[in-house]
Structures are given as C-alpha cells and as structure tokens.
Protein chains: 2
Amino acid sequence: MARIVMKFGGTSVADLDRIANAAERVRREVEAGNEVIVTVSAMAGVTNQLVGYVDQTSKMYDAREYDTIVSSGEQVTAGLMALRLQSMGISARSWLGWQIPIKTNEVHGKARIEDISTDAIVARFAENQVAVVAGFQGLSPLNRITTLGRGGSDTTAVALAAAFKADRCDIYTDVDGVYTTDPRIVSKAKKIDMITFEEMLEMASQGAKVLQTRSVEVAMNHGVKLQVRSSFEDTPGTMVVDEDEIVEQQVVSGIAYSRDEAKITLVRVNDKPGVAAAIFGPLSDGSINVDMIVQSVSPDGERTDMTFTVTKTDLGRAIEVLEANRPEIGYENLLSDDNVVKISVIGVGMRSHAGVAQTMFRTLSEKGINIQVISTSEIKISTLISEDYTELALRALHTAYGLDAQ
Amino acid sequence: MARIVMKFGGTSVADLDRIANAAERVRREVEAGNEVIVTVSAMAGVTNQLVGYVDQTSKMYDAREYDTIVSSGEQVTAGLMALRLQSMGISARSWLGWQIPIKTNEVHGKARIEDISTDAIVARFAENQVAVVAGFQGLSPLNRITTLGRGGSDTTAVALAAAFKADRCDIYTDVDGVYTTDPRIVSKAKKIDMITFEEMLEMASQGAKVLQTRSVEVAMNHGVKLQVRSSFEDTPGTMVVDEDEIVEQQVVSGIAYSRDEAKITLVRVNDKPGVAAAIFGPLSDGSINVDMIVQSVSPDGERTDMTFTVTKTDLGRAIEVLEANRPEIGYENLLSDDNVVKISVIGVGMRSHAGVAQTMFRTLSEKGINIQVISTSEIKISTLISEDYTELALRALHTAYGLDAQ
C-alpha cells in the first residue's frame, strides 16, 4: 500500500467525459489498495473566462476579489470529481482550501502555502475515502480565499504530497512527460525519462510550461517523488529526481524558450555609482521583474549603455516608470524591442563539462543569428535573440547538443 | 440614515452590464447615506448549467457535493459586484456564506438558516463599506457549504434583513412587482401596491415565482419590511406588509397557478381505519410531498376512491412507491394524470366575505371547465382542472373577481 497524490490539469478535466476518464485512473490506484488524494484544476477555459470577467469589471482590481472569483472553477471540478467517483462506488469527498485548511500567506493572486492540516483527511483514509482537493486555492490569515498563481494546482499537489508524506506525486497532463524541447517546434524532441529537480526548475522558469516553477521548488525542498505523465495514454512519464538517482547524466538535458520577453536599452547612462539602483529601484517598486541585465563598458568611462529584459506584458509600464525617473537616472535615449525570444540550454552536466556555452554561440553564429544578450547560471546558458529565429535556433541547438531522437 | 438590504436576482446580474446597472442602484443608496448590504444570485443560466453537470455526472448525487458545486455561481457574482462597486469608488467586499458565517442546519439542497453573525459586517459599516453577500448559501455544522433551495437568495436577503435589523429589504427583479396574476397570460393583470404577508405566502406557495416561499415566512416572522421592485425601471414596487397596514383590503388579491402538478387516483381502496396512513406513509418516507387530497364516499361503505396530487417530477416515483405497497393498501386500480393545473384565488378578505368560493365554481362552470379536486384554506381556494384550460380559467376568474385593470 502506498499513499499517493494525483493531480489532473485543466485539459485532463476539460469536460464531464474527461473527468470520467480521470476518475478511472483514480479507481485503478484505489483498487491497488492505495490511499489517494486527488487534486484538480478548473475545467479548461473556465479560469480564462473568470479572469476575463475580472479584467472587464475593473482595471486595478482588488486581488482578494479576484481570488474569490477565480477559485470557483476548481471548486466545481472538485465537486464533480467526487460525484463521479461516488457514482463508481468509490467513497470520495471534495475539500476546498478553506475546509482543510490549506493556510497561505496574504499575497493574493500568488500566495505561498504555509501549512496544511492533515488529520481530518488521514482519518478518512481509514474508511477508504478518497480526498478530492480543489487545486490552486488556500486560506489567508484573514479568512479570505487566496490563489497560488497560474499553474498553482501543481503546487497544491506537491505541497499535499509533502504534508501527507506521500510516496508519489503524479501530475497528469495532456502530454506524456517533459521533452528535451517543445515537440510542436522540434519534431525530433524526445521525452526525458528522468530529470533532476534543478534542471526541471530551470526548464520551468525559462519557459517550459509543463510544471509551475514553485511546485518544483517545493518538491525539491521536501524530496517529493514527482512524476509528469499523460492522462490519456498508459506510457511511463518523466520522473523528477535527485541528481544522484541519475546514472548517466547528459551534458545538456533540455532546451527551453520564452517568447514573453521584451528588451529595453538605456543609451548613454551616466556611469556613476548608484545608477543601477536609480534604474532598478523604481522598477522593483512598480512590481516589474527584471531578468537579464547587461551593462556595456563605456569607452570614455563616463557613459554606459544598460540593456535588460522584462516580460512583454510589463513593457509598457516599465517604459512609463523609466521616463518618469529620467531626471534621476540621466540617460540620453530609451530603446525597446519586444520582437525577442530567450533560448536557454539547461543541464547539470555543464558543471563538469567545458565548451557547452561555446557550442551554443557557435551554433547560433553558423545560422547567422545575432545574440543580443547572454546570461548564465551554473546549469543554464540563456541567450536573447530575435523572435524570428525561434524555430531555427531551437532545431539547430537540439541537433548540436546531440538531443535528436533516432 | 437607514440600514437596507438589496437583493439582485439572476436576470438582474445576468451579465457584466447588468451587474454595472445594479451597482448604480447600490451607489444611490450609499450616496443617500445608507448602510447597505447587497446580496446576489448567480448570473442567469449559471446555476442551470452547474445543475446540469451534476445531473449528468451522477443520478443519485451526494447533496453535499451538489451544494459545493452549485454555490460557486453566487461566489462569482458577489466578487464581481464588489469589484464593480470598488471601480466606482465605493468601498465594498464580498462575503461568502462560510465567511460571515451564515450558519444553517445540515439539510443540504434546502437548508434552513439558523444564525447569522453580524459583528464583522457591522464594524465595516463605520468605514462606509458595502457588504456584498453571496446569496443562496450557508455553512453546515460540519463545515460544508449548504444551499437554501431554488430561489434561496430571497431567503438570504430576508434573513440578513432580520439579523441586521434592517429598515428595508428590497428584492430587485425583472418585473416591477407582484401582479394580480401572471401578466404574460392575462394582459389585464395589475401590479399590486401592497399585499399582506399571508397572501404573499399563499401566492408564492401556489405557484407565483416572484419570491421564494421560505423568504416570505421569514419576513413575516421577523417583521421585515419587504419590497419587490424592478432592477430596470424606477417605478414603485409591491410592498409586503402586515394586514393592519392595508386600509382598503380587496376580497381577492391575486390568482396563482401551478402547472407542476400531477393527479393520482387509487380506485376502490378498502375503506377501513388506517388506509390513509398506508397510502401516505410510504410516500412521505420517499420524500414525496402530497398536496390536495380528496376521499370520495363509497356507496356501500366498504370501498372508496382516494385522489391526491404530487408534483410532476415526483409522479414516476410516487407510482413506483404505491405499486410496491399495493398489498398493504389494497386498491383495485391506479390512475394518473399529469395534464392538470392548480388554480388558486387568494385574499385575506375572504375570511369576512361569503360567496368567494361560489364565484370561482360558477365562473369555471360557465366556461365549461370541470373541477377535479378542490382544497381550501382560510385565505385561499384551489381547484385542480385540466391544464388545457389554464389561460381561459385565469382570464375568466380575473374578471369575475373584479381584478381587471381599467
């Protein structure tokens, strides 16, 4: 007997037939004698509709009301999944975030889980009852509903697995695992059988949408055995594991890309102490995240160009903030470009292998692709290039790093 | 300054434009210096969609899950109304049943409100905050969401008015008040300016859909000043008041009808003590409500015919129950007919006026309409007739009782 968490995303519970299909997977685990917690997203499209209502009602909305509205989608799916399981003769009940409770902080719209009570649900395991938990939602210290950010049901699943000391956390989705890169673009992309937490974290944060970044962090911190697998096929998925569990490690495990990037260059900024703070302080105050940053050396030592990236959605606000603070910053010109893409090659193997970055630069150069910005971490190299070359760059790099399927 | 409850039904919050329109009405009350509680139904169509999901998922559904699912509609509207008010510069927040809490009993699907906590909301009146309360829902003693039955948001509104000792409870709807009968059928129907609680209760329970029956009961028991009025027009509505507040009382105030009726006749039942219990006991055990009952005298004193009505939806189950209990009851034949309608004339004036029933019987007879069953109360006379004559009977009775508009 094992204790397992099963998470079904929006496409896996898109309609009543798919909920029935997901319930069949739950049945198999129950019949194998397991203690099962199911967590579900909203039916595909529902969250977008609710977010649309909010956007149309109020430009500067109250995030507490946003959470109240948007969390209702998972509430419906949890109830329907419980009913479906009951109709198959399986004892089940729905649990909303406030009923368990899943306690979070007060940061509405992207709250963090702080504590999950387990006693009530564990008591019902003894009666063979399946707990169906509404994903994506929690309870603030002020008794309001919070949500965990887009993709937050992944984090619900992993946090439940950690709190209940589950033997496995299976994330059921519409793909059968994590791929070396996006198979819609690179037909030779391969499913990865095992990937380290660190790599998965970089893949998720650099644009691969298969798991919410925060869920990988929580899984890594609590040693949750995480698997990404298909709701529709019975193939093995991708296991996310500790590094020492992978015997033969690739140098590069995967290539991620993000189109949600925009580049800003401040031309001829005064090169004096404190100028970085003058630029990035106001952006931070405006909740605008800055990602890649490059400061070019000025020939005369007095002026410099500062280039950095923000998300496409933040570009307009970032420009407003920078123009408002132009006197303090002191730049000659502001250039912006949102026709860019960030390509990241990721692999823990690059820690011990030289030349990984050089392969990326040479490959892009051979295809005539200009690199605009570079940033690196211990297990990742990211380059910003023109969005026009996205497909070309992904395919060339996938081949260059030996990732192509046979 | 007054304290008021404003309730907006599903058609009054059917889409974002109508929510905005309803919010304008709230603004007026706030700007007049009033303390305001708003309660809202689900956007029109949402509850039916959710109920449809439940019906398709499970025939014998768990009412606790039904309530979890169906209550989400009001949750969304409450959040959107709060956001809309905020965008107009009015302080507002949404309150869900479990947050206030609105405590109910455990009868899921048609729970009764037992207690409403007022402190938190009253404290916020001092900050001019509008409370937007999700209608139709409460919290069970076991921490599950309950719902109050179809039309339950009316009861939420009245119960809030009672708990908060509100000066007024305004029910905003898509008609501008209570009519002498259904104006879609009788073009000469008139809006009633004032109606007694007792009459309103009979109107609602005999088929007029403008208010949930339970809400009128609660209003009557707590002396809530109740008004039914239009969301879309600025005309005065119908006041529901104590009898002594109406100076010139009509003999008959209104005529209601219900098509949700079916007739069952048990032919040649053994006419012995205990036979009524043998018939109605099993129906009651099956949660089937029996309405009108007529026992015909048997010529020989040994056998009798028993005729009664149930709702159309219960007819199939009622027949099953009666056939299963045929040996104990001992009847020769079971006849059923769901092509019937119940017509009720209602008025507190009939307590002191003779001949009211006779007018009904004569009028129907003059139109050649056969009366199948009769039942009466102190302020109501109901007759069951063939559904084919619904419109003819309503128009003739409306004229006969002098209710036609000039």
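The figures that follow rest on heavy atoms only: side chains count, while hydrogens, waters and symmetry mates do not. Quick note on labels: first sequence line is chain A, next is B, and so on, each numbered from 1.
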Discussion item. If we count only N and O atoms by modelled type, under 3.5 Å, do the side chains of Ser94(A) and Glu65(B) hold a donor and an acceptor together?
Written reply: yes
Practice prompt. Below 4.5 Å from any heavy atom of chain A, which atoms of Leu139(B) appear? Answer side chain, backbone, both or neither.
Written response: side chain
Worksheet item: For chain B, which of Lys59(A), Gln56(A), Arg93(A), Met88(A) has the most heavy-atom pairs under 4.5 Å?
Response: Arg93(A)
Fill in: Best-contacting candidate, Arg84(B), Arg64(B), Gln99(B), against chain A by heavy atom pairs under 4.5 angstrom
Gln99(B)
Discussion item. Within the structure provided, determine whether Gln75(A) and Ser71(B) are in side-chain contact (heavy-atom separation under 4.5 Å).
Written reply: yes
Worksheet, complete the sentence: From the list Tyr61(A), Trp95(A), Tyr53(A), the residue making the most non-hydrogen contacts under 4.5 Å with chain B is Tyr53(A)
Worksheet item: Side chain, backbone, both or neither: which part of Met43(B) has a heavy atom under 4.5 Å from chain A?
Response: side chain
Worksheet item: Between Asp62(B) and Gln86(A), do the side chains contain an N or O donor and an N or O acceptor separated by less than 3.5 Å?
Response: yes
Item to complete: Answer yes or no: does atom NZ of Lys110(A) have more than 12 heavy-atom neighbours from other residues, nucleotides or ligands under 6.0 Å?
Response: no
Discussion item. Can you confirm whether Lys103(A) is buried at NZ, in the sense that more than 12 heavy atoms of other residues, nucleotides or ligands lie under 6.0 Å from that atom?
Written reply: no
Discussion item. When you compare the side chain of Leu83(B) with that of Ile69(A), does any pair of heavy atoms fall below 4.5 Å?
Written reply: yes
Fill in: Greatest number of heavy atom pairs closer than 4.5 Å to chain B - which of Val70(A), Leu80(A), Asp15(A), Asp67(A)
Leu80(A)
Discussion item. Quick one, Ile145(B) and Leu96(A) - any side-chain contact, counting heavy atoms below 4.5 Å?
Written reply: yes
Discussion item. Does Asp285(B), at its CG atom, have more than 12 non-hydrogen atoms belonging to other residues, nucleotides or ligands within less than 6.0 Å?
Written reply: yes
Discussion item. What I'd like to find out is whether the side chain of Thr57(B) reaches to under 4.5 Å of the side chain of Ile19(A), using heavy atoms alone.
Written reply: no
